[in-house]
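Since the structure comes first, as C-alpha cells, the remarks are kept for the end.
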Amino acid sequence: MSKLVVLQPTKQPPISLLSSSLSHFNGTKLCQIQYKRKVYQPKGALHIAASSTKKILIMGGTRFIGVFLSRLLVKEGHQVTLFTRGKAPVTQQLPGESDSDYAEFKSKILHLKGDRMDFDFVKSSLSAEGYDVVYDINGREAAEVEPILDALPNLEQFIYCSSAGVYLKSDMLPHCETDAVDPKSRHKGKLNTESLLESRDVNWTSVRPVYIYGPLNYNPVEEWFFHRLKAGRPIPIPNSGMQITQLGHVKDLATAFIEVLGNEKASKQVFNISGEKYVTFDGLAKACAKAGGFPEPEIVHYNPKEFDFGKKKAFPFRDQHFFASVEKAKHVLGWKPEFDLVEGLTDSYNLDFGRGTFRKEADFSTDDMILGKSFVLQS
C-alpha cells in the first residue's frame, strides 16, 4: 500500500519565517526560525522622493502591478500613459482609495489603445509620442520589445519586469542576480528580452520578482489559501510542507520600480525584488490564516506522484525550494520592503478577499481527491 503522510492539527508556532540573511542552503541546515506577531495597521501610503518630470509609457498597467505603479508615478508628477488593448477599464478605484484621490488619478492618466503584437502600430504610435521612459510590465518575448526600442531611439530608460523564474534550479540558495539562468525555463522569453536589452544601445534595468501577492492579484497565490480557510477545509500541501519559498507585496514591488527610475546605479542592472523573509509552505498556510483571522488550519500532506490531476493544478507554488536574495536592491538602491509577510497578507485580505472580491472561483476538486485518499488510508 502506498504511504500517505497526514499531518493532524497540532499546537505549533503559528508562522515559520526564515531570515533572508541565509546565504547558502544545502537541504540539511536552515537558518534560525523567528516568530513574529504584529497588530495590523493599513500600509501602502508610500513616500517617494521627487524627481524630474518624465513622459512615461507603461506597457500594460490595468490589472495588478501597473495599477499601483501608475499611481506612484502620477503622484510624483510624471505624465503617464498606459498602453493596453482597451478590453479592461483604463482605471478603477482601488479598495480603500478615497474618491478625491481616485478622481485626481483618473484625470491625469492617459491611454494609448493598441495591440503590442501589431509591431507597425507600436512603432508609428510610440515614435510620434517620443516617450522618455518605458516600463514594460507585461512583455514576455524579445520580439515584443524590439519595436519599442526601434521607435524610441532617444529613450532615456527601459525598465523591464522579468522574473526570478529564469534562474537555473540549484542546491545553493538564495538565488543571486549573478546565478546561472535556465535557457529552457518557461520564462525563457524574459531571458531573451534581457539579452536583447544588453545587446542594444539602451539604458535598461530589469527587475526579477519571485512570487507577487497583494490586492487585485490575478494569480491564485494567497487567494488559493483564503478560499480554503473561508470554507473551513483542510489545506492540502505537497510532500513535507517544509519547502521554502518567498513572496513580495505588489506595493513594495511598485516602490522598487520607482527607485530604479533615473537612478544611475540601476543602469544596465538586474535586481531581485521580493520580501525579506522566506517561508515554508506550512508556514504560509498559517500566515494566511492569521492574516484573515481564521483558526490555525488543518494541514494535510500528500505525495503528488500518487495522483493524476490531469491539467488541473493542485497547488499554486512550484514544489521545490525557491527564493532569492534582495540584498543587492537594498544596498544599491536603498530600497526596503514596507510589508512583512503577515502584514502584507492582512493588507491583501482586508482590501480584497475579505471584501468578497477575488479573481477565480474556488475549485476543490483536486483537494477532494487528496482528502478522499487520506480518509481511506486512515480508516
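Both backbone and side-chain heavy atoms feed into the values below; hydrogens, waters and symmetry mates do not. A quick note: this is a predicted structure, and the numbers were derived from the prediction, not measured.
- For the pair Asp150/Arg200, a side-chain contact is recorded, criterion being any heavy-atom separation below 4.5 Å from C-beta on.
- At least one side-chain heavy atom of Arg71 sits less than 4.5 Å from a side-chain heavy atom of Leu94.
- How far CD of Glu223 is from CG of Asp352: 7.5 Å, rounded to the nearest 0.5 Å.
- Side chain of His227 to main chain of Lys360: a donor-acceptor pair is present (N/O by atom type, distance under 3.5 Å, no hydrogens or angles).
- For His111 and Phe83, the distance between ring centers is not under 6.0 angstrom.
- Between Lys169 and Asp182, the closest side-chain pair of non-hydrogen atoms is not below 4.5 Å.
- Counting non-hydrogen atoms of other residues, nucleotides and ligands closer than 6.0 Å to NZ of Lys230 gives a total of 12 or fewer.
- Gln157 places no side-chain N or O within 3.5 Å of a backbone atom of Val133 that could act as its donor or acceptor partner.
- Here the straight-line distance linking atom CZ of Phe226 with atom CZ of Phe353 works out to 7.5 Å at 0.5 Å rounding.
- Both tests do not hold together for Arg359 against Tyr218: distance to the six-membered ring centre under 6.0 Å, angle to the ring axis within 45°.
- The existence of a salt bridge linking Lys328 and Glu177 is excluded, since no basic side-chain nitrogen approaches an acidic carboxylate oxygen closer than 4.0 Å.
- A distance below 6.0 Å separates the ring centres of Phe322 and Tyr211.
- Ring pair His175/Phe323: centre-to-centre distance not below 6.0 Å.
- A heavy-atom distance below 4.5 Å is not found between the side chains of Arg208 and Ser163.
- For the pair Cys161/Ile65, a side-chain contact is recorded, criterion being any heavy-atom separation below 4.5 Å from C-beta on.
- The distance between the ring centers of Trp224 and Phe315 falls below 6.0 angstrom.
- Checked against a 6.0 Å centroid threshold, the rings of Phe294 and Tyr349 count as neighbours.
- Looking at Thr280 and Gln243, their side chains never come closer than 4.5 Å, going by heavy atoms from C-beta outward.
- Note on Lys55 versus Glu129: salt bridge recorded, some NZ/NE/NH1/NH2 to OD/OE distance being below 4.0 Å.
- Checked for salt-bridge contact, Lys305 and Asp319 miss the test: no charged N lies under 4.0 Å from a carboxylate O.
- Remark: side-chain polar atoms of Thr366 are not paired, donor with acceptor, to backbone N or O of Phe309 under 3.5 angstrom.
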